[in-house]
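Heads up: the structure comes next, in structure tokens.
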Amino acid sequence: MPSKFWFIIISISLVLILSPKPVFSNNYLSCSVRSSCGNISDIGYPFWGLDRPESCGYPGFKLSCSESELEITISSATYRVLAINKESQTLHVSRTDYSENLCPTHLINSTFESETSPFRQNGDSQDIRLYYGCQPLTAPQNLTSILGISNQFDCTINNTKIVGYYVTREFAGTVTGNFLRSCSNSVIIPVPNSQVPSLEEGRDPDDLEEAAKIGFQLWWSADDTRCNNCVNKGGQCGRNLVSGGFECYCSDGDVCSPGTIFVVCCTCSNISCSGI
């Protein structure tokens, strides 16, 4: 009986040692998959979600597909992804909660200034601030233009009717600033620079809804140079979920990591790669 037991143990060990790596390592195959949603296709690194596991992407780049609309959540705010440009490393996005009206249930800022955030606004957009729960301007009728407030809008949030305003610039230390500080909440959202002049004229709150739907662009940074090197050497880009470091997955099951001498990355066995 003991000899039979050891025979089984040795046999299993030999199978594990001698079996081809791809049987046990499917990261290369998993990360070779390209996702799609609606009219956006060929979605790869640094994005994950949909058909791609987390080990194939970068933190903060998880995508979802809702009614054929591609979405990404950044700092608690959800955005509709209108386009992805891999060459320029830019996302064209718009706030999903402002796609229908100016009064979403939850008021969340669009923020991209954190040192740990992989996203940055480019120069084609400008932040505007929306104020909620404000006092209405009733008389005189030209008080809005005197204060410099772009426009007033009315809406209902959680069954409560409120008055709001939006401004395209800061009014700290002014009469306008003091008036707006009396509002109960405020939110920052970016809009395209091309839409700012019409918003400053304050002709119609629908102009702000339209500007929010047009959206804006974000740059991303996600080990892009390493990924390009990995792909050029025949690998697929991903991330070690334990260490958090970038990894380049090879077709033979090897993992090419930075820091060692490169020989023939992603076409050989038991060899890691520098320059990635």
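Every heavy atom of this structure was used, including side-chain atoms; hydrogens, water molecules and symmetry mates were not.
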Fit a plane to each ring of Phe61 and Phe119, take the angle between them on a 0 to 90° scale, and name the class: parallel (under 30°), tilted (30 to 60°) or perpendicular (over 60°).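 Answer is tilted, since the angle falls between 30° and 60°.
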
Could you go through Cys230 and Cys237, starting from their C-alpha distance and side-chain angles, then the distance that decides it, and tell me whether this counts as disulfide bond (SG atoms under 2.5 Å apart)? CA-CA 7 Å; Cys230 169; Cys237 306; 4.1 Å; no

Does the [X] side chain pair with the main chain of [Y], one donor and one acceptor, at a distance under 3.5 Å?
X	Y	answer
Asn240	Ser243	yes
Glu69	Arg80	no
Asp224	Ala222	yes
Asp97	Thr105	no
Asn101	Cys103	yes
Thr96	Thr78	yes
Arg52	Arg34	no
Trp48	Tyr58	yes
Arg239	Glu54	no

Tell me whether [X] shares a hydrophobic cluster with [Y], the cluster being built from Ile, Leu, Val, Met, Phe, Trp, Tyr side chains joined at under 4.5 Å.
X	Y	answer
Ile157	Leu208	yes
Leu50	Leu91	yes
Ile214	Leu82	no
Val163	Leu180	yes
Val191	Leu107	yes

Can you list the steps and then say if Asp42 with Lys86 is a side-chain contact (heavy atoms from CB on, under 4.5 Å)? CA-CA 10 Å; Asp42 194 30; Lys86 292 179 287 187; 2.8 Å; yes

Start with the C-alpha gap between Phe112 and Trp219, add the side-chain angles, then the distance that decides, and say whether side-chain contact (heavy atoms from CB on, under 4.5 Å) holds. CA-CA 10 Å; Phe112 310 100; Trp219 284 312; over 6 Å; no

From [X] [atom1] over to [Y] [atom2], what is the distance, rounded to the nearest 0.5 angstrom?
X	Y	atom1	atom2	answer
Ile189	Ser110	CD1	OG	7.0 Å
Gln152	Tyr131	CD	OH	15.0 Å
His106	Ser76	NE2	OG	11.0 Å
Leu70	Ser36	CG	OG	9.5 Å
Leu199	Asp207	CG	CG	6.5 Å
Ser64	Glu71	OG	CD	5.0 Å

So which heavy atom on [X] is nearest to which on [Y], and how close?
X	Y	answer
Pro192	Ala211	CD-O, 3.5 Å
Ile188	Asn109	N-OD1, 2.7 Å
Cys134	Gly164	SG-CA, 4.5 Å
Ser94	Ala212	CB-O, 3.3 Å
Ser55	Tyr249	O-OH, 3.2 Å
Ile40	Ala83	CD1-N, 4.0 Å

Trace of the side-chain contact (heavy atoms from CB on, under 4.5 Å) decision for Gln236 with Tyr45: CA-CA 8 Å; Gln236 295 292 336; Tyr45 183 90; over 6 Å; no

Are Ser186 and Arg129 linked by a side-chain donor-acceptor pair shorter than 3.5 Å?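 Judged by distance alone, the side chains do pair up.
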
Does Cys56 reach the side chain of Asn27, with side-chain heavy atoms less than 4.5 Å apart?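 Sidechains of Asn27 and Cys56: no contact.
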
Check Cys227 against Cys248 for me: are their SG atoms closer than 2.5 Å?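 No; the two sulfurs sit 2.5 Å or more apart.
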
Audit row: Leu102, Glu209, side-chain contact (heavy atoms from CB on, under 4.5 Å) steps and yes/no: CA-CA 7 Å; Leu102 301 180; Glu209 288 188 34; 3.5 Å; yes

Please find out if less than 6.0 Å separates the ring center of Phe153 from that of Tyr132.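 Aromatic pair counts; centres sit under 6.0 Å.
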
For the rings on Trp220 and Phe47, is their centre-to-centre separation under 6.0 Å?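 Judged by ring-centre distance (under 6.0 Å), Trp220 and Phe47 do meet the cut-off.
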
Pro190 and its side-chain contact (heavy atoms from CB on, under 4.5 Å) partner, picked from Leu218, Asn122, Asp127, Val93: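 Single side-chain contact (heavy atoms from CB on, under 4.5 Å) partner of Pro190 among Leu218, Asn122, Asp127, Val93: Asp127.
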
